[in-house]
Amino acid sequence: MSQINRIAGGQIERSKTLNFTFDGKSYTGHPGDTLASALLANGVRLMGRSFKYHRPRGPLSAGSEEPNALVELRSGARQEPNTRATVAELFDGLEAKSQNRWPSLAFDMMSINDRLSGFLAAGFYYKTFMWPAAFWEKVYEPIIRRAAGLGSMSTLEDPDSYDKGFLHCDLLIIGAGPSGLMAALTAGRAGARVVLADEDFRFGGRLNAETHEISDMSGADWASEAVAELSTLPNVRLMMRTTVVGAFDHGIYSAVERVSDHLAVPLPGKPRQTLWRIYSKHAILAAGATERPVAFENNDRPGIMMAGSLRAYANRWGVSVGDRVAVFSNNDDGLRTAVDLQAKGVDVVAVVDSREGGALLPGIRHLRGAQVIDSEGRLGLKAITVRLANGKTETIQTTALGVSGGWNPNLNISSHHRSKPHWREDIAAFVPGEGGPVNLSAVGAANGAMSTHAALTSGQSRALDILSALGVTAKTTALPKAEDAPISIRPLWYVNHGKGRAWIDQQNDVTVKDVKLAHQENFTSVEHLKRYTTLGMATDQGKTSNVIGLAVMAELTGRSIPETGTTVYRPPYTPVAMGTLAGRSRGKEFKPFRHTPSHKWAEEQGAVFVEVGMWLRTQWLPRAGETHWRQSVDREVLATRKSVGICDVTTLGKIDIQGTDAGAFLDKVYANTFSTLAIGKCRYGLMLREDGIVFDDGTTARMGEHEYVMTTTTANAVSVFRHLEFVRQCLYPDMDVQLISTTEAWAQYSVAGPNARKLLEKIVDQDISDVAFPYMGAGNTTVCGGLRARLFRISFSGELAFEIAVPTRYGDALIRRLVEAGQEFDAVVYGTETLGVMRIEKGHVAGNELNGQSTALNMGLGKMVSKKKDSIGMPLSQREGLNDLDGYRLVGVKPVDKDQPLNAGSHFLEIGAAPVAENDGGWLTSMVYSPHIGSHIALGYLKAGDQKIGKHMRAVNFLNKTDVEIEIVSPHFFDPEGERLRG
Amino acid sequence: MRYSGFRVIAEALSGHKGWKPVWRDPVPQAEYDYIIVGGGGHGLATAYYLAKEFGQARIAVLEKGYLGGGNVGRNTTIIRSNYLLDGNEPFYEFSLKLWEGLEQDFNYNAMVSQRGIMNLIHTDAQRDAFTRRGNGMILHGADAELLTRDQVKAMYPFLNFDNARFPIKGALTQKRGGTVRHDAVAWGYARGADTRGVDLIQNCEVTGFKIENGKVFGVETTRGYIRAKKVGVAVAGSSSKVMAHAGLRLPIESHVLQAFVSEGLKPLINGVMTFGAGHFYVSQSDKGGLVFGGDIDGYNSYAQRGNLPVIEDVAEGGMALMPMIGRARLLRTWGGIMDMSMDGSPIIDKTHIDGLYFNGGWCYGGFKATPASGWCFAHLLAKDEPHKTATAYRFDRFLKGRMIDEKGMGATPNLH
Amino acid sequence: MIINHPILGPRDAQEFVYLGDESLIARPDGLAPDAIGAFHDYLYLRNNPAGEHRELWYHEQGDRSWLVVTRNTVTHVITKVEMARDVARRMGRSK
Amino acid sequence: MGNALLKPLTALGRDTPKTIEIGGYRIVERFDVALASLATRRGREKDVAKAAKAAKLPLPVSARSSSTSSYGAFWLSPQQWMIEASFSTHEDISAHLKKIFSDAASITEQTDAWVRFDVSAPTLQPLFERLCNVDLPETPVGYAGRTVIEHIGCNLIKRGEGEVTLYGPRSMAASLLHVLEVTARSVD
């Protein structure tokens, strides 16, 4: 089909032709077209179906407020549901499908709902589908869910990338119509840092859609000249295709730039869209206004649209929506549509003007005091029925009807901080109210200044105010001259006629009847109205419908519109793609990776890695022939306990604590005492939260008179540091203590096992005999003939063990050196699994026990909390509830039958006890297989566990249906006397 | 009037002339036996059960705005009883059981939909913790199942299984969990209470309490002084403000929680899903909108609106879990005021003032609690002793060291 | 939100970690009789005003200063930002 | 001091530092700088200032960096700085500094806690406005401050127009470089 409705003029490149398809059918259009304007040019009015009744629909608008013409744009992984055809920029090869219909747009089975509409009135579903109870999930809801939704998502990963960025400016101007451009010119010329953002792909706003002139040139040309000048100013940033979607605190706005949506696919490396966080000192809302329709019976047919949109399609896109056009208006602005279209040679059959009296348009059939009461044409408008001033009705054949009920300022952004809009009787519309975002003000139509002249004036004067507030001197330039037509409107919200349905919210199918029903059932608060009828909850968020709904409710309750209220607009101004908000944080880039010093070596060895927070740690190192992870882990454990094992423990937090009060400081943050620790020694420390619960643990070494090195768990490294800074700055501000993290500065390896010393003697340059470097020794040393290092004699495994640290850049070399030196001892390198096995064999607590809910007493470490000094958490750790004699205690668990597996998370039950909460004895916190015990072993928190050692109980896991008889034992499974680590 | 399918058909055929107001708009009386402050979900449920289950009369609910305008009017509609601790689980399981019979009970279709809730597992430690939790749930009579990675993949093949930073290793699921049409809950309770004679008084803000020698005698309101034998406050979000009129300081901070809904989409996500490696949870409504959320903003606020970082954080979690939602669009964000308590668990208790009772501290878990909260608060008001499932929700648990800290975050409300 | 750091000037609140009421500086004496009662009030009871609130923020992604920010919890308007260490000293805290 | 037996690796796990050029952007990994933090002990401000002056060691004001022939320094937090020196001459930098400041300051080696990338281009704004919220054009040369790049906390130093140094956590070197690369490609 050729572009039968294409007429002269418009801002499209007729020299270029673009091919596209809609529902598989091929059409042509031109650069500058939207999908909607191109389809209309091709005589296609039917573009969608409504949500509830599946009514046939065409575009109601020519902008982002569109409720009807929603399509699935593109296909495959790039399929984009609910895309508004009215803003989708045409590109060659564009593919679009209609949505929410079956089998086809013209013939939609679901339109049966339209026939049944009587039964589907507002809120009907709250009153039925209740019997029988089970039927909701089984029968009713599945049917409802099958009908739910509009477009469909692809189930494939979005192949496009998204960027984010930050902009800083003195002045953000939202909207590049006459007021926005004038404000930008004023502020830009004065040298202020300006960001001018507009959602359209052409600057100028309504100037592109109107025939108004500015300084004796067309509005569109004036806009082009203004943009040309602005683009020469380095302090002005022009952002086309950029929608400011949200206003946040302290001058921060979010904006979406559609970088590549006008292309078939983004250019290589380029994002599809960019999310900008704009940090502004001031902002001007110059977002214009949105026209609203008048509700009348069957006012939703394809071909019926807003008068200003009908005009826009003709003036901007050179499209006449129909061959015979009519207009229905309650204000002067609507009449422009008739004048403009007739000037373009379109057959204007009638102007139905609801206002009585007044002048008549020359050369046009102008029916004063008349109203459109009904329309015909199932898939597209064929005729309208008009009630004339004299009461007679007349049917007029027409294929396009422009409706104007007046204009609503686009105040959305100004109400994002929940300020209530202010009603202005003279324009019968809301304007931005008090208490909006600080330093945001509205100008032009967005503030109710509807004429071009008023827009230019308010844009300039507001910019001047802001410049003086910024202390920037500006020279006032003369205002270009422009039309200044007064607003003449006589409110008409809906045509009171007949029993039929008159649509208010076209997408959600909310009609005047529904509002009346809500009123009848006492859902009269505006919030109740919205929630009960779903008015304004569609993808357009009520841009064209909220005010009409309010007005109808106001009339029913006899209250004024402001008394009836308004629903608060919430961000975003227009819907935003999830990908844009996520930016680059997806897939493997969701969070950064942290690599350990031995990572490269471990990768070469084919290690299996595990995510520990952001770290990747070696979980185990399989050797040739090992087919199950248990084989590797058992080997690592046995080899370590038999001879020696090496483990990368760099991920543990390390904090350098220095200062003359460092010891006193540690006494405050640890429950046990550190000021008495000898230089060259380290000690296990227990850190509590102020509420007496265990926060973290680790060893802290005294490296010098006023120098300590604290280690934290991997998980708590950051929160412990924050806590230390709080204690240092807020609780004891005069203590002489300095902190710095050294976690990443040192590559630290644990060398554990009977031969640990023998191995390290080949590396460390000093005497590390038991005498020279006893258990819990610590100090600076050197390795490999002079490289500075730190050595600690601490053991998590219960073996004779050291931790050796060198500057991280040497970490890779050191592990290779350790492995090499360890060959004669059959040394192994072990991962976190083996670490876990050995710590559980020794009954050491770790993450699963340090769960933020457990006390030192629970862990069997109660004696470590010194009552002699005031430390964080000590006072509240003495509360009765934390000291119950029958409270949880850490115990060891063995299966009575060695072959029976245990599960962490199983609960303790007495033998024979019923599986009910009253009998719940606690749970298994951590479980491993111990090659030494020859069975699974576990740690657990058991009520009064210290009194139950030796007792037989059950470990029950209902989730995998296991019920194992167990023996409660001491958590110290292996070498309880700790002889090995002192060896 | 009784609602039913037949009624809907009959009304349709007679032009819907017969539908009556869902509630009256009564003028406040001079005195009531019970005044419930707060016409949100919990307040309305309390009044409903006081009248229906505990045979009490002369009850008023005072609401400063419109009925159901509390957090029942803005939440992510999830119901579940998958709690860890003994202090919580019996209460939430009681609540879930009440949800299961609610619509027949108050003859209003709140679309209680048990399509299941799933907490994804990404680490072995998480599996251990969820195993402990699931077993605890079962011991308390709730349902719980542990799913393998493959079972999750069979249900939601489009999740990120191949390229994830934190791979999915399984899930803890509760099949009886699901969602409810939140506004309908408020309206159903309101209608049920109204038909039982409860006065629901909108646009009536409580501005003070009349308290003499340790006893409450009534409330000052924007519509005048009203006498009452017992006053129950259920105004989560504004608890500190209202209780300050009675001179109480609470173990509560008010924080903003944002929630999000997408444009309507053909259903893909049947149940409720929570991402264990990021701050994101999601379900899909019967209208097709993805309803999702994440963390609270983290600072005290009564502004009922949040800021951009949390919106981005939530979207990042969503994309990490479901890489196919990149082109689905966020339609609307909103913020509600959360009563964040010091251990993340609620309070349903008497105050030290005779006749003044308090219900609050629901953090962002209040919606699922609505039926049990109403029932237990009504029980406390009528019998002056806590309901057996709510015995742990006492003010003095902090002094006694009997916190109910599900997350183990301590006295840091913005981390619960 | 933007926090006007006393040393660094305006910084995005995203760089900070929030703790809560300024009163958390006033830690009671843990060795005093009835320390438990005092610590209960200190740690658990909050004023939680709808209006001006003096609160602790930590510049974790910045200079690691703890700040006391005076912010309106209804409008989010910030009227004052101080170094917590100075506030603590004013409140009589030392070693 | 000899460490002939142990071969150092860069933060990216390579023998030699990496240099990348994308469009006009040049990203250079630096491996030749020694770092140590220096924090004034309580009440020793004068002593520290005096010692620094004598050693020609700059101690810049807040949010600034500066350098002399032998040392560079940038501000970290009140009374705390990061000191930069040539690795070849100052590998054991904390030993050097302890000689200068003795007990007036707390000194901690930081050399390998960080990965350093020097990023240069005729104009860096298009890149950095997509990386972090530092307002680079308005930021004076010599600025030094912390910022966040894709969840990674970094120290950013503006050495000159078109010259920025980034210090990021060493363990995240690969992730940080990845962000720099993809972002540079998206704006080149």
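Remember, it's a predicted structure, so these values are computed and weren't measured experimentally. Just so we're on the same page: letters track the sequence lines, and every chain starts at 1.
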Legend entry - Which atoms of B/Leu399 approach chain C - backbone, side chain, both or neither, heavy atom under 4.5 Å: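 Both backbone and side chain.
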Legend entry - chain C contact via B/Met340 - which portion, at a heavy-atom distance below 4.5 Å: neither
Legend entry - Polar side chain donor-acceptor pair, B/Asn307 to B/Tyr299, under 3.5 angstrom: yes
Legend entry - Pairs of heavy atoms under 4.5 Å with chain C: top-ranked of B/Ser341, B/Ala411, B/Ser238: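 The answer is B/Ala411.
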Legend entry - Between B/Ala244, B/Gly401, B/Pro251, the one whose heavy-atom pairs under 4.5 Å with chain C are most numerous: B/Pro251
Legend entry - Side-chain donor/acceptor of C/His53 to backbone N/O of C/Glu55, under 3.5 Å: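 Judged by distance alone, no pair lies under 3.5 Å.
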Inset, instruction - Determine yes or no for a side-chain-to-main-chain donor-acceptor pair under 3.5 angstrom, with C/Glu82 supplying the side chain and C/Ala84 the backbone. - result: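 Absent.
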Legend entry - chain B contacts, top residue of C/Gly51, C/Ala50, C/Ala13 (heavy-atom pairs, under 4.5 Å):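 Ranked by heavy-atom pairs under 4.5 Å with chain B, first place is C/Ala50.
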Inset, instruction - Between chain B and each of C/Val17, C/Asp41, C/Asn47, count heavy-atom pairs under 4.5 Å; write down the option with the most. - result: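 With the most close heavy-atom pairs to chain B, the winner is C/Asn47.
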Inset, instruction - Kindly state whether the ring of B/His42 and the ring of B/Trp362 have centres lying under 6.0 angstrom apart. - result: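 Ring-ring flag for B/His42/B/Trp362: true, centres closer than 6.0 Å.
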Inset, instruction - Mind listing the closest non-hydrogen atom pair of B/Arg394 and B/Thr391 along with its distance? - result: CG-O, 3.3 Å
